[in-house]
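Below, each value reflects all heavy atoms present in this structure, side chains not excepted, and no hydrogens, waters or symmetry copies.
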Amino acid sequence: SNTFLRSNALTSVSIDSYTLVHCKSGYIISWVTSGLSVSTLYLMFLYRIWIAFEGSVYQYNIYILKSFAGLAIIQFLVIICDRFIRTFSDTSWTVEYDEVSGLLYCFADAQQGGLTVFIYFLALAYLVINVGLLYMFANGLWKLKKQMTELYMVEMQASSMKSLPDIGSIGSKSKSNSVTRTEKSKSS
């Protein structure tokens, strides 16, 4: 069973003019915008991963990034197909208005049947994309942080070596001082 909820709080459209076509189109539009926003978020995150590691040793293969982009686009298309099939299949839609809350409810009693394939695909796609993008970004940042820490340690070690006096020159000064003292004590 699918439900679409509409409030008349922002519009002055009368409830009587709200038909089943409005109900179905509102249902589809809400899913299209939802799917589009999720897919856009995935594509922006992929772009961020590509920009963040571009030109570095941690840059991901372009085919991996394109595969994730393709999966995000396919996921969006599956959402759209699924919702169109659910909306225009043998589904009984009912429109009910609740006068107390001022909300309009659109109910669809869809037969799930073969449509569960779409649901399983979407669940798997969400899981793969979310875990994959998170892993790619976190792994790249971890490697970059590790490299920066090692570079910092090498620089600190090099700068501390420059600030220390030369041990060879200290030893030669102390030997020359001891030679001078010995020569003075012999002459007196």
request  = Say whether Trp142 and Val57 are linked into one hydrophobic cluster, either directly or through other cluster members, by side-chain heavy-atom distances under 4.5 angstrom.
outcome  = no
Whether Gln59 side chain and Gly55 backbone form a donor-acceptor pair below 3.5 Å = yes
request  = Check the pair Ile80 / Trp31 against side chain to side chain contact (heavy atoms under 4.5 Å, CB included), numbers first and verdict last.
outcome  = CA-CA 7 Å; Ile80 301 307; Trp31 274 99; 5.9 Å; no
ask   = About how many Å separate CG of Leu43 and CZ of Phe76, when rounded to the nearest 0.5 Å?
value = 10.5 Å
ask   = Roughly how far, to the nearest 0.5 Å, is the CD1 atom of Ile79 from the CD1 atom of Ile74?
value = 12.5 Å
message = Side-chain heavy atoms nearer than 4.5 Å, only ILVMFWY residues, links allowed to pass through others: does that put Val128 and Val131 together?
response = no
query = Looking at Leu133 and Ile49, what are the two nearest heavy atoms and their distance?
reply = O-CD1, 3.7 Å
ask   = So if you build clusters from Ile, Leu, Val, Met, Phe, Trp, Tyr with side-chain heavy-atom gaps below 4.5 Å, do Ile64 and Leu141 land together?
value = yes
ask   = Going through the distances and angles, do Tyr60 and Asn139 end up as a side chain to side chain contact (heavy atoms under 4.5 Å, CB included)?
value = CA-CA 11 Å; Tyr60 286 98; Asn139 187 41; 3.9 Å; yes
ask   = Same hydrophobic cluster for Val38 and Tyr47, using side-chain heavy-atom links shorter than 4.5 Å among ILVMFWY?
value = yes
query = Which hydrophobic side chains are connected to Met153, either touching it within the sub-4.5 Å cutoff or through other members that do?
reply = Tyr152, Met156
key: Heavy-atom side-chain proximity of Lys145 to Thr149 below 4.5 angstrom   = yes
task = Verify the neighbour count for atom CD of Gln157: are there more than 12 heavy atoms of other residues, nucleotides or ligands below 6.0 Å?
result = no
Close aromatic pair by centroid cut-off 6.0 Å: Phe45 and Phe137 = yes
query = Looking at residues at least two apart in the chain, or sitting in another chain, which of them share a side-chain hydrogen bond (donor to acceptor under 3.5 Å, both in side chains) with Tyr126?
reply = none
ask   = What do the steps show when you test Val32 against Arg83 for side chain to side chain contact (heavy atoms under 4.5 Å, CB included), and what is the final call?
value = CA-CA 9 Å; Val32 167; Arg83 294 305 153 180; over 6 Å; no
Value rounded to 0.5 Å, distance of CD1 in Ile62 from CD in Glu54 = 8.5 Å
request  = Work out which heavy atom in Ser37 is nearest to a heavy atom in Ser34; give both atom names and the distance.
outcome  = OG-O, 2.8 Å
ask   = Rounded to the nearest 0.5 Å, how far apart are CD of Gln75 and CZ of Phe68?
value = 12.0 Å
query = Counting only N and O atoms by type, is there a donor-acceptor contact under 3.5 Å from the side chain of Tyr42 to the main-chain atoms of Ile129?
reply = no
message = On a heavy-atom basis, which atom in Gln147 and which in Tyr58 lie closest, and how many Å separate them?
response = OE1-CE1, 3.1 Å
query = When Ile, Leu, Val, Met, Phe, Trp and Tyr are grouped by side-chain heavy atoms lying under 4.5 Å apart, directly or through other members, which residues fall in the same group as Leu41?
reply = none
message = With a 3.5 Å distance limit and no angle check, can you tell me whether Ser39 reaches the backbone of Ala72 through a side-chain donor-acceptor pair?
response = yes
ask   = Are Tyr120 and Leu127 connected in the hydrophobic side-chain network, where two residues link if heavy atoms are under 4.5 Å apart?
value = no
inquiry  = Would Met136 and Leu65 count as a side chain to side chain contact (heavy atoms under 4.5 Å, CB included) here? Give the steps.
reply    = CA-CA 10 Å; Met136 287 170 59; Leu65 297 175; 3.3 Å; yes
